[in-house]
Amino acid sequence: MELQTERAARLEYTVATATRGAAAIDIVKTKKCVFSGVQPTGDAHIGNFLGAFKYWVASQDEFENIFCVVDLHAITVYQDPATLREQTRTVAALLLAAGIDPERSALFVQSHIGAHAELAWILNCFIPMGWLQRMTQFKEKAGEDRESVSTGLFDYPALMAADILLYDTDLVPVGDDQKQHLELTRDAAQRINSLYGPTLVVPEPSIPPVAARVMGLDDPTKKMSKSEEAAGHAILLLDSPDDIVRKIKRATTDSQRDIVFDRQRPGVFNLLSIYQGFTGGSEAEIEAHFDGKGYGDLKGELAEVVVAALTPLRERYHELMNDPGEIDRILADGADRLRPIATATLKRVMEQVGLG
Ligand code: TRP
C-alpha cells in the first residue's frame, strides 16, 4: 500500500534525524505503534482495568506501546495544583502496578514533552471551528455554559491529535466516547498531508478484542464512570477487600433466579461480565458453573475473584508510592526516550509548513 511505503520512508527519515538507541530503532521497524492517553483525574476502577489496562499489559510484546498521562488535557477544566501533581503520579503508579513494564513500553507525562503543545498549536491552524463544534463530548461537557468554558476545552481534540500524530502512531485504542476525536485526528492529518504532501501517519482505531463494558453496580444501565459520585457505583482499583465485598453484595440484581448472560437483565449480566473479565472462560462455562446456585453465591464468588485479582495490584501500588522518587525517575526516563521522536515529527511538520 502507498501509505505503508510512505510510512517506511518517513520512519527512515525519523530514525535518521532522531538520536535513538539501536533497540528503539529495531522496535519501530518491526512493531506497530499504539498510543494510549490516560487522564490524571478521578479514581481508576475495574471498568478501566477490564476495558483498557488489561489489554495494554497483555499487548506489550506485540506492539510498541506508548502510555501518556495527559495532564495538559486535565487543565482544560480547573484543577487544584497539588491534587493534579499527586494524581499524575498516582495514575502512573497504578499503570505500573497493573503490569505496564517501563522497559518494554514507554510511560510518560504529556507536559514533559513540549512538542505536544507546539504541534497542537500548528494543528489548530488547520482544524476548522466547525469540526470542533460538532464534537459531542464538548457539547456534553460544556452544556449550557458554552460561553464560559475554557478555549482549551473546546480545543481539546487538537491536543489529542498532536499526542497521537507526534509518534507516527498506527493504532489508537478507543472506546465509543473517543471515536469522534480519533476521526478528527485522521481528518487533521489528511488535511496536512494534502496541503503539504506526505507528512503525518494517519492512525487507525483499534477496538479491544472483547469490548468489556462494565456498568455501574448501583445502576447497571449506566457505564461505570470515574465521575459518578454514588458510593456503591464503582469498584475502585485501590478499594480494600471489605469495600469490594460490600459493594458487590449491594449490587443491583433482579427478582429472577437463573444465573445466565441475558442482556435483558442488566444487573446479573453485568456481574457475570465482570466475573468473566477477571477469570476468562466462556459464557457457557460460567453459566454451567453457576447452574443451580443463587445470587448470593454469584456475589460471594465474584467478590473473591475481584479481591484476588486486585490485591497484588494494590500491594504493588503502595510499594511504588512509598518511593515517589522512583516513579518520577521512570516518568522522566520515558519522556527522555520519546522526546527525540516527538521533536523529529514536529520538525518535519514545521519544515513543511514553512516555520523555523
Ligand atoms: N481524551 C482521552 C480520554 O479522555 C485521553 C487522551 C488524550 C487520549 N490524548 C489521547 C487517548 C491520545 C488516546 C490517544 O480518555
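Sequence positions, counted from 1, serve as the residue numbers for this chain. Start at 1 and go down the list; that is how both ligands and their atoms are numbered.
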I need the atoms of ligand 1 closer than 4.0 Å to a non-hydrogen atom of [X], numbered in the order shown.
{"X": "H73", "value": "7 (C), 9 (N)"}
{"X": "Q39", "value": "4 (O)"}
{"X": "V172", "value": "13 (C), 14 (C)"}
{"X": "I164", "value": "12 (C), 14 (C)"}
{"X": "D163", "value": "7 (C), 9 (N), 10 (C)"}
{"X": "G37", "value": "5 (C), 6 (C), 8 (C), 10 (C), 11 (C), 13 (C), 14 (C)"}

Determine, using ring centers only, whether [Y] and [X] are less than 6.0 Å apart.
{"X": "F53", "Y": "H45", "value": "no"}
{"X": "Y167", "Y": "H116", "value": "yes"}
{"X": "Y156", "Y": "F138", "value": "no"}

[X] and [Y]: side chain donor to acceptor below 3.5 Å:
{"X": "D242", "Y": "S240", "value": "no"}
{"X": "H73", "Y": "Q39", "value": "no"}
{"X": "S59", "Y": "N65", "value": "yes"}

I'd like to check whether Q178 has a polar contact with ligand 1, where a contact means an N/O of the residue lying under 3.5 Å from an N/O of the ligand.
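Looking only at distances, the answer is yes, because the N/O contact criterion of under 3.5 Å is met.
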How are the rings of F67 and W56 set relative to one another: parallel (under 30°), tilted (30 to 60°) or perpendicular (over 60°)?
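Ring orientation of F67 relative to W56: tilted.
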Looking at atom 10 (C) of ligand 1, what's its closest protein heavy atom, distance included?
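Looking only at protein heavy atoms, the one closest to atom 10 (C) of ligand 1 is M160 CG, 3.5 Å.
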Starting from atom 1 (N) of ligand 1, locate the nearest protein heavy atom and write down its residue, its atom name and how far away it is, to 0.1 Å.
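Ranking protein heavy atoms by distance from atom 1 (N) of ligand 1, first comes Y156 OH, 2.7 Å.
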Side chain, backbone, both or neither: the part of Q110 lying under 4.0 Å from ligand 1 by heavy atom:
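Under 4.0 Å from ligand 1, Q110 contributes no heavy atoms.
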